[in-house]
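Take a look at the structure below.
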Amino acid sequence: MASVSIPACTSTLLLDIEGTTTPITFVKDILFPYIREHLEDYLSSHWEEDECKQDVHLLKKQIEEDMKQNRACPVHAVDQTVHTDEEKAIREVVENVLWQMAADRKSTALKQLQGHMWRSAYSSGRIKGEVYQDVIPSVKTWREQGLRVYIYSSGSVEAQKLLFGYSVEGDVLDLFDGHFDTGVGAKVDCKSYERIAERIGCQPEEITFLTDVTREAKAAEEAGVNVVVVVRPGNMELTDEERAHYNLITSFSQLQLMGRA
């Protein structure tokens, strides 16, 4: 695949994580299974702690919002092995979290709890964040060229910082100027990219967004952001129309910055 040039007016690169900086398999085969396997034990161990209480409170608010919007929610089956109110409450939270994950929900409540669980896994060394080999050298080059580099992911800001702070390449957090998650809006909403530009302090056309998801690419384009679609092993197949429309790269090293050496 040939090199792709991005406009000379670009001052900022905005990077997606899953399928862009990091293999989808890391998220699907390592991070998500960790949550499913350790969720009930984690809640039982941390139930009385303020952070966990806040996580559960957010999840309950999300459930209320889902019910108002008539979204499907898990039906709580009567579990004869559950005896105490705390055990029942934990079981309900577990059911809801597993339901949201199965539905690939991007709710802030879900992402916050996941981030807190991953923090203990990363800090204990049970998990290390995976990044493609071309990512760190390319980001270093972009920064040397005077560009700012931000992350925008559906995963919480905390989860993002854990991935790059405990990566297979070591702590590489200082390579990034900042992080955005769904707190700024959904990645398929063009307004989210306008808000990011405003918070960074630049115009949308000064940002180039790298993602593997064309729905996100379309939303960014609608906001006036430049887009490059990243094609990695295991990513969703693009249609012929999408391949014709978007600039495509298979490695960050293919990105050329016009007007910069």
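What you are looking at is a predicted structure, and each value in this text was computed from that prediction instead of being measured. In this chain, numbering begins with 1 at the start of the sequence shown.
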> Under 3.5 Å, is there a donor-acceptor pair between the side chain of Asp189 and the main chain of Ala219?
Replying inline: no
For Leu59 and Val97, the nearest pair of non-hydrogen atoms, with its separation, is CD1-CG2, 3.9 Å
- Item | Polar side-chain atom of Asn247 near backbone of Val228 as donor-acceptor pair, under 3.5 Å | no
For Asp212 and Gly19, the nearest pair of non-hydrogen atoms, with its separation, is CB-O, 3.7 Å
OG1 of Thr21 to CD of Glu130, rounded to nearest 0.5 Å, is 10.5 Å
Exactly one candidate in Tyr150, Phe164, Trp142 meets ring-ring contact (aromatic ring centres under 6.0 Å, His included) with Phe176; the answer is Phe164
For Ser3 and Gln256 the tightest heavy-atom approach is CB-CG, 3.7 Å
Heavy-atom nearest pair, Ala197 first then Pro204, reads CB-N, 3.9 Å
Between the CG atom in Leu15 and the OG atom in Ser153, the distance rounded to the nearest 0.5 Å is 11.0 Å
Test the Arg232-Tyr132 pair against the cation-pi criterion, namely NZ or CZ under 6.0 angstrom from the six-membered ring centroid and within 45° of the ring axis. yes
Here the gap from His46 atom NE2 to Met117 atom CE, rounded to the nearest 0.5 Å, amounts to 8.5 Å
>> Between Thr141 (side chain only) and Pro137 (backbone N and O only), is there a donor and an acceptor less than 3.5 Å apart?
In response: yes
**Message:** Surrounding CZ of Arg215 (heavy atoms of other residues, nucleotides or ligands, distance under 6.0 Å), is the total greater than 12?
**Reply:** no
Should Met67 and Glu64 count as side-chain neighbours, where that means a heavy-atom distance under 4.5 Å?
no
Handout entry: Ser167 side-chain N/O to Gly170 backbone N/O, donor-acceptor pair under 3.5 Å
Key = yes
In terms of side-chain heavy atoms, does Asn96 have a donor or acceptor partner in Gln100 at a distance below 3.5 Å? yes
Exercise for review: For residues Val213 and Met236, determine if any side-chain heavy atom of one lies less than 4.5 Å from a side-chain heavy atom of the other.
Suggested key: no
field: Joint cluster assignment, Phe180 & Leu163, ILVMFWY side-chain distance < 4.5 Å
entry: no
Practice task
Evaluate the side-chain proximity of Ile6 to Leu13: yes if any heavy-atom separation is below 4.5 Å, no if none is.
Solution key: yes
task: Could you tell me how the ring of Tyr193 sits relative to the ring of Tyr152: parallel (under 30°), tilted (30 to 60°) or perpendicular (over 60°)?
output: perpendicular
- Are any side-chain N or O atoms of Arg143 and backbone N or O atoms of Val149, one a donor and one an acceptor, separated by less than 3.5 Å? no
Between Thr22 and Glu18 (side chain of the first, backbone of the second, donor and acceptor by atom type, cut-off under 3.5 Å), is there such a pair? no
Do Thr211 and Thr20 pair up side chain to side chain, a donor and an acceptor below 3.5 Å, judged on atom types alone? no
- Message: Looking at Asp240, I'd like to know if its CG atom is crowded, meaning that more than 12 non-hydrogen atoms belonging to other residues, nucleotides or ligands lie closer than 6.0 Å.
- Response: no
Tell me whether Gln112 contacts the main-chain N or O of Ser156 through its side chain, where contact means a donor paired with an acceptor under 3.5 Å.
no
* Are Trp118 and Glu158 close enough that some pair of their side-chain heavy atoms sits under 4.5 Å apart? -> no
Taken to the nearest 0.5 Å, the spacing of Ser154 OG from Lys187 NZ works out to 4.5 Å
Salt-bridge criterion met for Glu222 and Lys218 (N-O under 4.0 Å): yes
**Asked** What do the steps show when you test Gln54 against His116 for side-chain hydrogen bond (donor to acceptor under 3.5 Å, both in side chains), and what is the final call?
**Response** CA-CA 11 Å; Gln54 290 169 4; His116 292 154; over 6 Å; no
So CG of Asp55 and CG of Leu43: to nearest 0.5 Å the spacing works out to 8.5 Å
Correct closest heavy-atom pair for Arg243 and Leu248 would be NH1-CD1, 3.8 Å
Under 6.0 Å from the CD atom of Glu51, do we count more than 12 heavy atoms belonging to anything else shown?
yes
Interatomic distance, CZ@Arg199 vs CD1@Ile196, rounded to 0.5 Å, equals 8.5 Å
Do Leu255 and Val225 share a hydrophobic cluster, counting only Ile, Leu, Val, Met, Phe, Trp and Tyr and linking them when any side-chain heavy atoms are less than 4.5 Å apart? no
- Any link between Leu257 and Leu175 through a network of hydrophobic side chains (Ile, Leu, Val, Met, Phe, Trp, Tyr) touching at under 4.5 Å? yes
Count the heavy atoms belonging to other residues, nucleotides or ligands that lie under 6.0 Å from CD of Glu49, then report whether that count exceeds 12.
yes
Hey, does the side chain of His38 reach the backbone of Tyr34 with a donor-acceptor pair shorter than 3.5 angstrom? yes
task = In sequence, state the C-alpha distance, the side-chain angles, and the governing distance for Glu48 and Glu86, and then conclude on side chain to side chain contact (heavy atoms under 4.5 Å, CB included).
result = CA-CA 10 Å; Glu48 293 301 326; Glu86 180 179 305; 3.7 Å; yes
Tightest non-hydrogen contact, residues Ile249 and Leu210, listed as CD1-CD2, 4.2 Å
- Message: If you count heavy atoms of other groups shown closer than 6.0 angstrom to NZ of Lys61, is the number above 12?
- Response: no
Main chain of Ala186, side chain of Ser192: is a donor-acceptor contact present, judged purely on distance under 3.5 Å?
yes
- Treating Ile, Leu, Val, Met, Phe, Trp and Tyr as nodes and any side-chain heavy-atom pair under 4.5 angstrom as an edge, say whether Leu147 and Val230 lie in one connected cluster. yes
(message) Any salt bridge linking Asp104 with Lys106? Criterion: basic side-chain nitrogen under 4.0 Å from a carboxylate oxygen.
(response) yes
*asked:* For a side chain to side chain contact (heavy atoms under 4.5 Å, CB included) check, start with the C-alpha distance between Leu39 and Leu113, then their side-chain angles and the critical distance, and finish with the verdict.
replied: CA-CA 10 Å; Leu39 179 57; Leu113 172 64; 3.9 Å; yes
*Step by step, would you call Gln62 with Asp66 a side-chain hydrogen bond (donor to acceptor under 3.5 Å, both in side chains)?*
CA-CA 6 Å; Gln62 181 65 54; Asp66 286 340; 3.1 Å; yes
Hydrophobic clusters here meaning ILVMFWY residues chained together by side-chain heavy-atom distances under 4.5 Å, can you tell me if Val168 and Leu162 are in one? yes
